Asker: 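Below you will find the structure I want to go over with you.
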Amino acid sequence: MNITEPSFDEAEIALLRECLDSKWVTQGPLTERFERLIAEKHDVKHALACTSCTAALHLATMALKLGPGDEVIVPAFTWVTSAHSAEYVGAKPVFVDVDLSTYNIDPERLEAAITPRTKAIIAVHLFGLAAPMDEILAIARPRGIQVIEDAACAIGTTYKGRLVGAIGDIGCFSFHPRKAVTTGEGGAVTTNRDDLAARVRSQRNHGATGAPDPSIEPHGPWTMATFDNLGFNLRLSDIQAAVGVAQMGKLDRLLSERRRLGRRYSELLTEVNSIARPLGGDLDGHTYQSYVIRVLEGGRMRRNALMTALANQKIQTRPGTHAVHRLGYYANKYALKPEQFPNAALAEDTTITLPIFPGMTEDDQNQVVKILRAVG
Ligand SMILES: *Cc1c(COP(=O)(O)O)cnc(C)c1O
C-alpha cells in the first residue's frame, strides 16, 4: 500500500491532448486557466503558477524584498524549504518551536522570538491543518511584520471558515505528488496585493518588467521586453497546467474523500492509547494532506519498530517531516543545538505518516489500523 497516490483519469488525458494539439506547451492559456481556478477557489485577486512551492516561497521572499539583516520566523518542524526561502535572499531564518497538538507554530513561543529585525513570519499549515492565524496576525500586524502562508499542504484547508493562502500577505501552494492536487511538480503564489503580484510575475519570468517606452520607438515585431530586475525562470508549463486544470475540477471530491478517511482513522484509533491522533487546532478545516500519528511511549526506537511492522505488511509510511534546526546546514550555520526546539525534535523522532489518498478503500484502512492496534 502506497503512502499516497494521485487521482488521474480521462479528464487529465483530455486536457493534455488539448495542450499538445494546440502546440503551445510553455506558460500560456492553460496556465492562465489553472491560475483562474486557484484564484476563484481562494477568493483571491491574484494566483500565479510556478515550478514548485519552493519556487513560490522564494518568489514570496523576493516580492517582500527580504534580504540581509532581516529575520524571518519559521517553525522548527516543517519541510526544509520553508527555511531555505529566507536563506535564498540572504535573510536569517529564526526558528520557533511547534505545538505538539497541532504540529504548527506555537504562538506563545512566537512572540518571544520577535526582534526589531523581524520582517516576516512564515505561517506553515502543516499536514493540511491551519496554523493559528489569529494569534500570528495579532503579533504581526501591529509591528508591520509581513505574513507568508506556506500552504504547500493545505489547498482547500480552512481556518475559522476562511480558506488559507489568502489570510496573510502572500500564500504559497505545492502541486507535488505528495499533496492533494498534483501537476507532477508545480506551485502557485496567491495574493490580494497588486505590488506583490507584479513582482512575482516579473521574478518568475527572468525579471522581465514590461515593454520599452513607445515614444522612443513605436512598438512592433522588433519590440523586446525590458529587464530592470534580476529574475529567474520559474514558470510552470502548459503541459503541467493541463493536469492542474483537470485536478482542480475534482478538488472538492478529492478533499472530501481525504476528510472522510482522516476522520475515519481518528475514530478507528480512538482506543489506541499509546498513539496521539490529530486532535488540536481547527480540525473542521483539516484536509489531511497527511494523516500523522505520534508514538507516545518508547521514543524513536518504538516508532521505528512500528514503521517496520507496517513495512512488513507492505504498508508504506514516512516520518511526519524534519526538525529543520537539526539539519546540518542550519545546525552548523547558526550553531543550533538539537535540544533547542524539543517539540520539533520529538515530532521528527516519533511521528508516522499513514497512507491516505482518495481511492484508498476502507479495507486498506482497516488493515493499517489492525496493525497499529496489535503493535501500538
Ligand atoms: C511540500 C512542501 C513544500 C515544498 O513544496 P515543493 O512543491 O515540493 O517545492 C514546502 N513547504 C511545506 C510545508 C511542504 O509540505
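These numbers were taken from a predicted model, which means no experiment stands behind them. One-based numbering, in listed order, for ligands and for the atoms of each. Nothing fancy with the numbering, it's 1 onward along the sequence.
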Asker: Classify the ring geometry of Phe173 against His42: parallel below 30°, tilted from 30° to 60°, perpendicular beyond 60°.
Answerer: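 Rings of Phe173 and His42: tilted, 30 to 60°.
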Asker: List the protein residues in contact with ligand 1, where contact means a heavy-atom separation under 4.0 angstrom.
Answerer: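 Residues within 4.0 Å of ligand 1: Ser52, Cys53, Thr54, Thr78, Trp79, Thr81, Ser82, Val124, Asp150, Ala152, Cys153, Ser174, His176, Lys179, Gly186.
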Asker: At what distance, to the nearest 0.5 angstrom, does CD1 of Ile145 lie from CG of Leu64?
Answerer: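 It comes to 12.5 Å.
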Asker: As a test of understanding, state which of Arg193, Lys65, Lys119 forms a side-chain contact (heavy atoms from CB on, under 4.5 Å) with Gln146.
Answerer: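 Going through Arg193, Lys65, Lys119 one by one, the side-chain contact (heavy atoms from CB on, under 4.5 Å) with Gln146 is satisfied by Arg193 alone.
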Asker: Below 4.5 Å, heavy atoms only, C-beta onward: do Arg277 and Tyr265 meet side chain to side chain?
Answerer: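 Not in contact.
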Asker: Using only atom types and a distance under 3.5 Å, with no angle test, would you say the side chain of Asp169 pairs donor to acceptor with the backbone of Thr191?
Answerer: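 No, the answer is negative, given that no donor and acceptor are paired below the 3.5 Å cut-off.
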Asker: Please name the pair of heavy atoms, one in Pro93 and one in Ala83, separated by the smallest distance, quoted to 0.1 Å.
Answerer: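 Shortest heavy-atom contact: CG-O, 4.1 Å.
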